[in-house]
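So that the names make sense, note that chain A is the first sequence line, chain B the second, and so on, each numbered from 1.
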Amino acid sequence: MNRLKPIIINELRPIFEKLGIDENHWHPLIQTSRESSQGDLTLPCFPLAKIVGKNPLEIANSIATEFPSVASIQQCNAVNGYVNFRASNVWMFEQLPSCTDSMLEKKQILIEHTSANPNGPFHVGRARNAILGDTLVRLHRLAGNEVTAEYYVDDMGKQVAVLAWALEHLTKEEVDSILADKEADSGQWEGKTDHQSVRWYQAAQSLRQSSERKDSIEEEITTLVHASEHGNSEVLRQFENAYQPVLDGMLETLQRLGIQFDRFTKESTFVINGDVATLIDTLKKSELHGEAENGALFLDLEPRGLTGKTEFFYCRGDGSSLYATRDIAYHLWKWAQSENLVNVLGEDHKLQAKQVGLTLQELNSKAPEIVFYSFIKLPEGKMSTRKGNVVFMDDLLEEAHGHAAQVVQELRPEYSHEEISTIAEAVGTSAVRFNIIKVSPEKGFTFKWEDALAFEAGSAPFVMYAHTRACSIKEKVESSKKPSTFEIEDFTNLPEGCEQLLRALMLFSDQLDTSVMENRPHIFANYLLQLATSYHAFYRDCHVLEGNEVNTTYYAISEFAKNALRKGLVGLGITPLESM
RNA sequence: GGGCGUGUAGCACAGCUGGAUAAUGCAUCGGCCUCCUAAGCCGAAGAUCGCGGGUUCGAAUCCUGCCACGCCCGCCA
């Protein structure tokens, strides 16, 4: 309804000039109505009462009385000190072709997300990052922004080192015997590289903890880590051979969720090309610079507002860099690639991100925008690969597919196996995505199968179904032979469901823009539920096909809604289906 | 101990730059397929918005104290 604002403001201007109230006072008061039954936009007059020394009810009344009659506004009335404006049906109908267009200025943006260590299969704990990140990518694209989706590959450091060490030193038999006391692998994912490699990683983790060899193993791993951090190309190649198959497996899983990346940037890049060394030299010259007894270097960020432990270490005593140091080098590089940066990070990275951001500012660069999210827990508690307390994304998606197939089978027994499988895949993956994306990221999230696989109202299939109904109408209209048509000429008295849908469509760009501006996809997800609900109401009240007659007005509205639904679904990474 | 976040019906969740009767879904109870796909629609019931103070014409929303839960406070990544 933001498109209605300029119209209203135009008409209000002379009225407020007469009242002697400055634009700065009344302009920002105009807001979307809380109660849509009252109107579309509302102007509360309470704050104005003080300025002119009048009763707010009086002010509201006089504004409403003086408000001229305009084609775009159906109604302007005063209630309890509020002035309510209601858009006219004709105006809304005219707006339909452009209702999905974002009103924001287009920008260039680099979104880094997921960036999970390639040391094992994707689990649902990591899924929130990937789904949140990918949805942001999609919504920014829907809003017309030029987006690069980027994955930062952690190709050095301890986790990869452990994996590389294990692959070099352990045979399959050794791995099997070390993991023998663990729950047996179902074997379902035997052919998938990430599931294979993770067994070596787990075996190594087990040895590091309890075997007699643990000290020597630790030493070997530490040697590898340090070699990688000094840019040792042979070790880095060994690492790559270890992690690449795992990463490929993870990406395969993500692909199934519709998640893809434009670019992969390796952490080691900035060690090898000297950026990290240059950065360390620069930081040494900072006025915040400090040095520990063993030669390790830090920045004291206290003067920049950090509290608690304010030393931020960027260089070890042996001269090697730390993860955060490389991250800063990476960010300096990213700023050269794009005007806007967004990172998606777990809440455990808050302090780290603060340190990186402050240091970037210290270097006359900027801190990126960051979307933080809380972790996904399981009902049994925190997810932990070591304890085997994980739900693998592959298992989840398989389960979702199976469950969806069962539902389709029951609901549409006439469909072929292939049709059922296609629908089940779309419904299953979409439901998983939607289940995670519809809640605000800072909210703690407990993963429950029953929620992920709930296909009723409030879920992805609910929205998909609205789209399907619209597709079905289109097909019926197109296949009916030379239907007679009629259109509605009087828009003043449309059925409730029709008005509701028009109103919902008018909110598309508002909601998309807010969602994109604030980087909060759940806003748009919830809006899409509202849009679907409204379409169902329209479907209930307005029949496009009545006998052999096509109501072209309704048909036009249905088509615009179908388009909006499709765009919205794609924006959330949900697969729009023609039939389901 | 310090920092950040969360606390809204039985469950889950929206609303948080202060505004009207706190929105939605699940679960519960009742109704709708001779009518474009019932994965839908209609209705009922269900909320001391964690607790206490404060600011205000007006507080779920802002301030403050307390309580509960989560995350962080590595020369790890």
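Residue A:H403 places no side-chain N or O under 4.0 Å from the OP1 or OP2 atom of B:rA39. Proximity of A:K443 to the phosphate of B:rA14: a side-chain N or O atom is located under 4.0 Å from OP1 or OP2. Phosphate proximity of B:rU21 to A:R34: absent, as no side-chain N or O sits under 4.0 Å from OP1 or OP2. At B:rC42, one or more side-chain N or O atoms of A:R540 fall inside 4.0 Å of OP1 or OP2 (strictly under the cut-off).
Proximity of A:P47 to A:H25: side-chain heavy atoms (C-beta onward) are nowhere separated by under 4.5 Å. Contact check for A:I574 versus A:V463: no side-chain heavy atoms found under the 4.5 Å cut-off. A:H226 is listed as a side-chain neighbour of A:T222, based on a closest heavy-atom distance under 4.5 Å. With contacts defined as side-chain heavy-atom distances shorter than 4.5 Å, the pair A:L453/A:E399 qualifies. At a threshold of 4.5 Å between non-hydrogen side-chain atoms, the residues A:R128 and A:F375 do not count as touching.
In the interface, the side chain of A:T42 is paired with the base of B:rA20 through a donor and an acceptor atom under 3.5 Å apart.
Between the CD1 atom of A:I30 and the C1' atom of B:rU17 there is a distance of 16 Å, given to the nearest Å. Atom CG in A:L345 sits roughly 14 Å away from atom C1' in B:rC4 (whole-Å rounding). Going from atom OH of A:Y539 over to atom P of B:rC41 covers 12 Å, rounded to whole Å. Atom pair A:N548:CG and B:rC35:P shows a separation of 16 Å (rounding to whole Å applied).
When the C1' atom is used for both B:rA47 and B:rC62, the distance is 22 Å, rounded to whole Å. Here, B:rC49 and B:rA22 have their P atoms 11 Å apart, quoted to the whole Å. Of the C1' atoms belonging to B:rU24 and B:rG15, the separation is 11 Å, rounded to the nearest Å. Only the C1' atoms considered, B:rU48 is 34 Å distant from B:rG1, to the nearest whole Å. If you take atom P in B:rG70 and the same atom in B:rG65, they sit 22 Å apart, rounded to whole Å. The same atom, C1', is picked in B:rG43 and in B:rC51; the two are 36 Å apart, to the nearest Å. Between B:rA12 and B:rU55, the two P atoms lie 35 Å apart (nearest whole Å). For the C1' atoms, the distance from B:rG25 to B:rG19 is 27 Å, rounded to whole Å.
Nucleic acid contact class of A:C471 (heavy atoms, under 4.0 Å, all strands): none. Counting any heavy atom pair closer than 4.0 Å across all strands shown, A:P28 reaches no nucleic acid atom. A:T446 comes within 4.0 angstrom of no nucleic acid atom, judged by non-hydrogen atoms across all strands. Within the 4.0 angstrom heavy-atom criterion, no nucleotide atom of any strand lies near A:S374. A:V439 comes within 4.0 angstrom of the backbone, heavy atoms only, and of no base. Within the 4.0 angstrom heavy-atom criterion, base atoms lie near A:I423. No contact: A:V160 has no heavy atom under 4.0 Å from any strand.
Pairing of B:rU6, defined by two Watson-Crick or G-U wobble distances under 3.5 Å, is identified with B:rA68. With both pairing distances under 3.5 Å, B:rU48 is matched to nothing as a Watson-Crick or G-U wobble pair. Pairing partner, B:rC57: B:rG19, with both Watson-Crick or wobble hydrogen-bond distances short of 3.5 Å. Using Watson-Crick or G-U wobble geometry with both donor-acceptor distances under 3.5 Å, B:rC41 finds its partner in B:rG31.
Side-chain proximity of A:V408 to the nucleotides B:rA39, B:rC36, B:rA20 is greatest for B:rA39. Comparing B:rA12, B:rC4, B:rG40 by their closest approach to the side chain of A:A457 singles out B:rG40. Checking B:rA39, B:rA20, B:rA38 against the side-chain heavy atoms of A:M580 singles out B:rA39 as nearest. Listed candidates were B:rC36, B:rA39, B:rA14. Nearest to the side chain of A:I473 is B:rC36.
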- Message: Walk along nucleotides 72-77 of chain B from 5' to 3' and tag each nucleotide B, S or - by protein heavy-atom contact under 4.0 Å, base first, then sugar-phosphate.
- Response: SSSBSB
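Aromatic ring pairs are classed by plane angle as parallel below 30°, tilted from 30° to 60° and perpendicular above 60°; the pair A:F447 and A:W449 is perpendicular. Taking the six-membered ring where the residue is Trp, A:Y330 and A:Y152 present parallel rings, their angle staying beneath 30° rather than reaching 60°.
For the pair A:E578 and A:N84, both in contact range of RNA chain B, the more 5′-proximal nearest nucleotide belongs to A:N84. Each of A:P44 and A:A404 was assigned the nucleotide of RNA chain B with the nearest heavy atom; the assignment lying further toward the 5' end belongs to A:P44.
For B:rC35, the base is not stacked against the aromatic ring of A:H543, per a cut-off of 5.5 Å between centres and 30° between planes. In this structure, A:F372 does not pack face-to-face on the six-membered ring of B:rG5, missing the 5.5 Å centre cutoff or the 30° plane limit.
Separation of the A:Y554 and A:F486 ring centroids does not fall under the 6.0 Å cut-off.
The existence of a salt bridge linking A:E499 and A:R503 is confirmed by a sub-4.0 Å separation between a basic side-chain nitrogen and an acidic carboxylate oxygen.
By the side-chain hydrogen bond (donor to acceptor under 3.5 Å, both in side chains) test, A:R540 is found to be paired with no residue, residues two or more places apart in sequence or in another chain being considered.
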